[in-house]
Amino acid sequence: MKSIATQLEVLFKQALSQILGDEASSIDPLIRVATDDKFGDYQSNVAMGLGKRLNQKPRDIATRLVEVLNPLAADMCQPFEIAGPGFINIRLKPEWMARQLDAIPAGGPDDRLGMEPAPDPDRVVVDYSCPNIAKQMHVGHLRSTIIGDSIARILAFQGHEVIRQNHIGDWGTQFGMLIAHLKDQCPEALTDPGQVHLEDLEAFYREANKRDKEDPAFAERARAEVVALHSGQSDTRQAWQYIVEESRRHYEPVYRRLGVLLTREDERGESFYADRLERLVNNLAKQYGPGASAGTPPASGLPSITVEESEGALCVFLRTPEGEPIFKGPEGNPLPLIIRKSDGAFLYATTDLAALDFRIHELKADRVLYVTGAPQALHFQMVFATVRALGWTIPEDKNEEVRLEHVAFGSVLGEDRKILKTRAGSNVKLAELLEEAVRRAEALIRASEADPDKRRGFSEEEIQDIAEAVGIGAVKYADLSQNRQSDYVFSFDKMLALEGNTAPYLMYAYARIRSIYRKGATEGVAPGLPSDAQDAHAPAGNLAGGAITLDEPQERTLGKQILQFSEILDAAAENLKINLITDYLYGLAGTFMKFYENCPVLSADTPEKRASRLRLCDLTARTLKIGLGLLGIRVVERM
RNA sequence: GUGCCCGUAGCUCAAUGGAAGAGCAACGGCCUUCUAAGCCGUAGGUUGCAGGUUCGAGUCCUGCCGGGCAUACCA
């Protein structure tokens, strides 16, 4: 089933070609959701633009268009209205919307509300989370993990082939000191790794760091371990493996608690690329180094790339065809992308180039997304520009350029509007932050249970389960409902607030719907809840005919918004703006609440009306569940 | 210095070039009817300033003011 906007576009294009002929094919009908109910449901803004182009009055064009459109769209729309400078206001017929809703198939395990998958799916690499080994995940990893996971879910739902990549920080000079320290402090970890566990990885890291700074003999051994690690010496490799494994024991429970999809199979950390770096750098130096100026000149307009040694470091420089540096440093001097340090070591730019090589040439990605913080924008600009200049983004076996995108996000701030820190000034640990969110959610539920008017009689098990879902959901929703690019202020009180655009509000709307079904089942007037309520939905149709009617204004609005889900998803996926989905879900939940207040379901006037309203409830619940699912947030049956 | 991002109601934030919106806080209503973690109502604006492009600018361009981030060997 096509979205409302798409169907309107088809009609408008037909009408445009009738009055304008062939030149109409390139015209966008500019269908938009109306900004206000008084203007209808949708509007077309095409007439204003055409007025200029055809040198006619926009209102005259709109009039001619509407004359053709009225019969074409008679099934779908009320007669069109022309307003203001030439807006065409579009009002959908309730019977048409009801038929669209009726056509949505019943729910099931892979429910997609009848939405069609993308006709031309891409293979998309999503790089996100990327914890550092031997350090705890802290609040700085929160957004990458949550946003990246949601983007992966959204694109997969749309039918794209998503390849998750967790580029963990499992390589680098810091491993020298960690390994040296491990061999001193915990040698049994090498002989019997399964039986020995570090209690506190963070403390271990700090101790190693301290010794590295204070004890020259230790620092010497640490350097030797770096060499041993790189050359693949077995006991050093084993120690390294042990440290990585200990880190997994920390972050995998965080992933499970957050409900992110990342698994061990998605890990392709820095170590994976380590033995490719030297060859990569040598090849670049050979092709674009000083002796290689005879290479092919860049195609017109493309930047030229050179690889030069500067201040002892090996650097990539990009220049315009006119020779002007594309990236400039403080004094206007060319800014290099350093791919080998003066001490011979490689660094993150090198690894990122190797990773793009792999993702483009071996994973065959059509699109590569990097979900990292906005401060890294310049780095990715340089890496992407380099890769484009190398010609990697136009593989021979594809006709479309590989899309490289930095999905940047703002920082998480404390109430003081500074980067969120603990009172002691250290990073806030993610595990502790989640624990506090759940604990606060639990306190809210217990307070409500202590109130005789609000008490639902939850079991202890239910309280724990609801607190977990609400607490974690609140953290994730608060993050995802922000415009990704701006910084946001972290506040437990706001994200767990009982009102407003929060996870608890949406989850409450869902639970209310489920409550109707439970009550209906006991009274024998609704099909009831399926036994496996988490994964299936009651087949709400086929009751007394089961046809949906949209008579009351609240029914009409609810039905319309359910039908709009697919166009919201398209917009969110296109711009990777997840807050479009949260705004939509919040609006849908609000509309449902109004419907709930005004339109009795179980005690509707007639069995037909009851059946219709039950189906609206079912569709709303499914939309909320799927929508929250795309955010990685689960719903609960009661709260 | 240069580059990127931001500046919208008291506060926190939305708004693919199309007719300025929520939530919180404030004030006033609604629980013998499906969950009041709810609903209804009132109030709140020269979208930082000044120009420009456009039929139309919060949105695009230029300049200024204010803030954040980045800017050669950590990621």
Side-chain angles (χ1 to χ4, degrees), chain A residues 30 32 34-36 38-39 43 45 47-49 51-52 57-58 83-87 89 130 132 167 169 172-174 270 310-315 327-343 345 347-349 351-352 372-379 381 408 410-411 413 417 444-445 448 453-454 456 470 481-483 485-489 491 493-494 496-502 504-505 507-509 511-520 523 526 571 574-575 577 579-580 582-583 586-587 590 593-594 596-598 600-604 613 617 638-639:
Chain A
L30 295 172
R32 302 287 181 264
T35 48
D36 191 310
K38 68 181 180 235
F39 303 130
Q43 63 189 46
N45 304 325
M48 280 89 79
K52 184 77 172 178
K57 285 185 192 158
F87 295 108
N89 290 338
C130 312
N132 296 318
H167 193 89
T173 50
Q174 78 274 22
E270 292 168 351
S310 169
E311 299 175 29
L314 195 66
C315 306
F327 298 100
K328 291 178 193 169
E331 275 111 47
N333 50 326
L335 192 65
L337 183 71
I338 298 177
I339 56 175
R340 193 179 63 207
K341 303 200 298 183
S342 49
D343 67 2
L347 57 168
Y348 72 137
T351 309
D352 277 339
T372 64
Q376 293 189 51
L378 178 61
H379 167 71
Q381 272 181 39
S411 306
L413 308 179
R417 303 207 56 103
L444 289 169
I445 297 163
S448 163
D453 290 338
K454 298 181 173 177
R456 310 237 198 276
V470 169
S481 60
Q482 299 290 321
N483 182 325
Q485 293 160 65
S486 44
D487 296 349
Y488 87 100
V489 176
S491 161
D493 289 335
K494 283 195 175 144
L496 285 166
L498 313 175
E499 53 276 311
N501 187 8
T502 62
Y505 179 87
M507 296 170 74
Y508 178 65
R512 265 186 147 177
I513 298 172
R514 303 303 283 170
S515 176
I516 294 174
Y517 276 85
R518 269 191 302 274
K519 174 144 188 182
E523 293 177 0
E574 176 61 28
N575 310 312
K577 291 183 75 166
N579 68 306
L580 295 180
T582 60
D583 285 355
Y586 179 54
M593 296 291 194
K594 295 171 183 71
Y596 183 93
E597 299 282 332
N598 290 284
V601 177
L602 297 176
S603 54
R613 287 181 179 167
C617 287
R638 298 210 296 160
M639 67 180 279

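Side chains included, hydrogens not; waters and symmetry mates left out as well; all remaining heavy atoms used. Proteins come first, then strands; the chains are lettered A, B, ... in the order of their sequence lines, and each starts at number 1.
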Expressed as a whole number of angstroms, how long is the span from [X]:[atom1] to [N]:[atom2]?
X        : N     : atom1 : atom2 : value
A/Tyr596 : B/C39 : OH    : P     : 12 Å
A/Leu314 : B/A72 : CG    : C1'   : 13 Å
A/Asn501 : B/A22 : CG    : P     : 13 Å
A/Glu331 : B/U71 : CD    : P     : 15 Å
A/Asp493 : B/A37 : CG    : C1'   : 15 Å
A/Arg340 : B/A72 : CZ    : C1'   : 15 Å
A/Phe87  : B/G17 : CZ    : C1'   : 11 Å
A/Ile338 : B/A75 : CD1   : P     : 11 Å

Taking [Y]'s backbone N and O only, do any of them form a donor-acceptor pair with [X]'s side chain (distance below 3.5 Å, no angle check)?
X        : Y        : result
A/Asn483 : A/Gln485 : yes
A/Asp493 : A/Ser491 : no
A/Asp487 : A/Ser411 : yes
A/Thr502 : A/Ala497 : yes

Can you name the closest pair of heavy atoms from A/Leu337 and A/Ala349 and give their distance? CD1-CB, 3.7 Å
Least distance between heavy atoms, A/Met639 atom then A/Tyr508 atom: SD-N, 3.4 Å
Taking the six-membered ring for Trp and the full ring for Phe, Tyr or His, determine whether the centres of A/Tyr505 and A/Tyr586 are under 6.0 Å apart. yes
Pair of N/O donor and acceptor under 3.5 Å linking [N] base with [X] side chain:
X        : N     : answer
A/Asp352 : B/A75 : no
A/Tyr348 : B/A75 : yes
A/Thr372 : B/A75 : no

Heavy atoms only, 4.0 Å cut-off, all strands: where does [X] land among base, sugar-phosphate and nothing?
X        : answer
A/Glu270 : sugar-phosphate
A/Asn89  : base
A/Ala83  : base
A/Thr351 : nothing
A/Pro58  : nothing
A/Phe39  : base
A/Ala374 : nothing
A/Ala313 : base
A/Gly329 : base
A/Cys315 : base
A/Gly49  : base
A/Met639 : base
A/Met593 : sugar-phosphate

Between SG of A/Cys315 and CD1 of A/Ile338, what distance do you get to the nearest 0.5 Å? 5.0 Å
First of A/Lys52 and A/Leu335 reached from the 5' end of RNA chain B, by closest nucleotide: A/Lys52
Does A/Lys594 or A/Pro330 map to a spot on RNA chain B nearer the 5' end, using the closest nucleotide for each? A/Pro330
Taking the side chain of [X] as its heavy atoms from C-beta onward, which of [options] lies nearest to it?
X        : options             : result
A/Glu597 : B/A72, B/A75, B/G38 : B/G38
A/Thr35  : B/A19, B/C39, B/A37 : B/A19
A/Gln376 : B/U71, B/C34, B/A75 : B/A75
A/Leu378 : B/C39, B/A70, B/A36 : B/A70

Between A/Lys454 and B/A36, is there a contact of a side-chain N or O with OP1 or OP2 at under 4.0 Å? no
Taking only N and O in the side chain of A/Tyr505, is any of them less than 4.0 Å away from OP1 or OP2 of B/C39? yes
With a centroid cutoff of 5.5 Å and a plane-angle limit of 30°, would you call A/Tyr586 stacked on B/A22? no
Below 4.5 Å, heavy atoms only, C-beta onward: do [X] and [Y] meet side chain to side chain?
X        : Y        : value
A/Arg638 : A/Arg514 : no
A/Pro600 : A/Arg613 : yes
A/Asp583 : A/Asn501 : yes
A/Asn89  : A/Gln43  : yes
A/Ile516 : A/Tyr596 : yes

Which whole number of Å gives the distance between the [atom1] atom of [N] and that of [M]?
N     : M     : atom1 : answer
B/C49 : B/U42 : P     : 28 Å
B/C74 : B/A22 : C1'   : 42 Å
B/G67 : B/C30 : C1'   : 44 Å
B/U71 : B/C64 : C1'   : 23 Å
B/C60 : B/G23 : P     : 27 Å
B/U46 : B/U53 : P     : 25 Å
B/G17 : B/C61 : P     : 11 Å
B/A26 : B/A72 : P     : 49 Å

Secondary structure string for RNA chain B (Watson-Crick or G-U under 3.5 angstrom, | for other-strand pairs): (((((((..((((....[..)))).(((((.......))))).....(((((..]....))))))))))))....
So if I define the base as every atom that isn't primed, P, OP1 or OP2, how would nucleotides 5-15 of chain B read as a B/S/- string at a heavy-atom cutoff under 4.0 Å? -------SSSS
Residue set satisfying side-chain hydrogen bond (donor to acceptor under 3.5 Å, both in side chains) with A/Tyr488, at least two apart, ordered chain then number -> A/Asp479
Which glycosidic conformation, syn or anti, is assigned to B/C31 if syn requires a torsion within 90° of zero? syn
